[in-house]
Amino acid sequence: MKIDNTIEEFESLGDNHIGTSANTPLRDDAFKLSNDEKIELIKEDVHHIMETLGLDLNDDSLKGTPNRVAKMFVKEIFEGLNPNKKPKASTFKNKYKYGEMLVEKNITLYSTCEHHLLPIVGKAHVAYISNGTVVGLSKMNRIVDYFAKRPQVQERLTIQIVKELQDVLNTNDVACIIDAKHLCVNSRGIRDIESSTVTSEFGGKFKEKETRREFLDYIKLDTTF
Ligand SMILES: [Zn+2]
């Protein structure tokens with residue numbers, strides 16, 4: 001049966017934040033245009049939106065907004081769409097033979113909801129058990145940041161972080177938990193400022209109850225210095 005997606009269906013899909021795939025839906029020609037070409041086009045688009053809203057683009061305060069937003073989209077908040085920006089996969093041999101879990105917690109996360117283009121702000125907690133390969137600690141922060149800099153749904157972001165670390169570390173024993181506020185929920189729509197969304201992805205040994213519990217216990221540790 002052919003399904004016709006009406007505007008209402010698309011809208012309710014967005015408000016329910018249902019994602020469709022673990023991969024970011026990018027077109028094949030996503031990088032045919034240079035960054036500068038994209039900025040020029042987006043600048044015109046933002047100008048058009050503001051003009052349609054009835055804003056006076058000659059006003060000193062508004063004049064620079066289209067250019068500012070276009071640059072921010074391409075070079076900052078959506079920079080992670082470009083595979084060239086993926087953090088380099090430099091790994092090391094696990095010389096200390098440290099065989100326990102390593103947790104990088106409270107990684108600051110800024111992303112953007114792909115259904116409303118409003119911010120997602122939260123914390124990511126990432127863990128792995130080395131099978132002989134380790135990565136620098138900041139690499140975990142960088143991987144989180146890279147995938148966060150895309151239009152996202154939180155579930156997909158969580159999965160993408162785990163998959164990437166599984167690839168880099170050559171093990172399935174990777175886990176990620178994200179606890180984040182979505183401004184599309186907090187500041188509009190249902191306008192619930194208190195609620196946050198928790199997603200998790202547990203690979204390999206982290207599917208086992210005890211390992212999972214250990215990870216959760218580390219996250220709960222109150223680290224104040
Ligand atoms: Zn949203």
Side-chain angles (χ1 to χ4, degrees), residues 3-27 30-31 38-39 41-55 62 65-66 68-83 85-86 105-126 141-164 175-202 219:
I3 299 167
D4 277 325
N5 281 305
T6 63
I7 289 174
E8 292 85 61
E9 273 171 321
F10 280 128
E11 276 180 355
S12 84
L13 178 86
D15 262 339
N16 288 311
H17 293 97
I18 297 163
T20 48
S21 153
N23 292 324
T24 300
L26 271 175
R27 288 197 325 271
F31 301 104
K38 286 182 184 181
I39 288 170
L41 285 173
I42 294 172
K43 199 169 132 181
E44 286 168 28
D45 296 333
V46 176
H47 185 104
H48 187 65
I49 290 171
M50 294 176 73
E51 205 167 55
T52 306
L53 289 170
L55 292 164
L62 298 179
T65 302
R68 212 175 289 119
V69 172
K71 269 167 72 179
M72 177 184 73
F73 273 19
V74 175
K75 294 192 163 174
E76 294 178 276
I77 66 172
F78 299 141
E79 192 186 45
L81 286 171
N82 191 335
K85 292 288 171 184
K86 189 152 96 175
K105 64 175 188 168
N106 295 327
I107 300 173
T108 302
L109 176 125
Y110 291 106
S111 191
T112 306
C113 156
E114 71 180 22
H115 299 127
H116 300 95
L117 298 186
L118 282 173
I120 300 171
V121 186
K123 297 278 182 200
H125 314 283
V126 182
N141 301 60
R142 291 209 183 92
I143 287 172
V144 169
D145 197 50
Y146 166 69
F147 287 105
K149 282 180 174 165
R150 296 175 174 195
Q152 276 291 12
V153 286
Q154 192 175 318
E155 295 91 324
R156 184 201 295 132
L157 175 59
T158 315
I159 294 168
Q160 286 179 334
I161 292 166
V162 168
K163 280 194 165 169
E164 177 63 17
C176 175
I177 294 180
I178 294 178
D179 186 0
K181 284 188 180 285
H182 293 233
L183 285 200
C184 57
V185 175
N186 302 137
S187 73
R188 56 155 297 284
I190 195 79
R191 293 172 75 111
D192 184 346
I193 190 73
E194 293 302 326
S195 70
S196 71
T197 306
V198 180
T199 47
S200 61
E201 176 75 3
F202 300 107
I219 293 174

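For this chain, numbers begin at 1 and follow the sequence in order. Order of listing sets the numbers, starting from 1, for every ligand and every atom in it.
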Measuring from Gln154:CD to Asp179:CG, what's the distance to the nearest 0.5 Å?
-> 7.5 Å
Cation-pi between Arg150 and Tyr146: NZ/CZ under 6.0 Å from ring centre and within 45° of the ring axis?
-> yes
Exceeds 12 heavy-atom contacts within 6.0 angstrom, atom OH of Tyr110 | no
Tell me, please, if Cys184 has any N/O/S atom, main chain or side chain, under 2.8 Å from the Zn ion (ligand 1)?
-> yes
Is Cys113 close enough that one of its N/O/S atoms sits under 2.8 Å from the Zn ion (ligand 1)?
-> yes
Closest His116 atom to the Zn ion (ligand 1) [N, O or S only] | ND1
Residue pair Ile107 / Lys123, side-chain heavy-atom distance below 4.5 Å | no
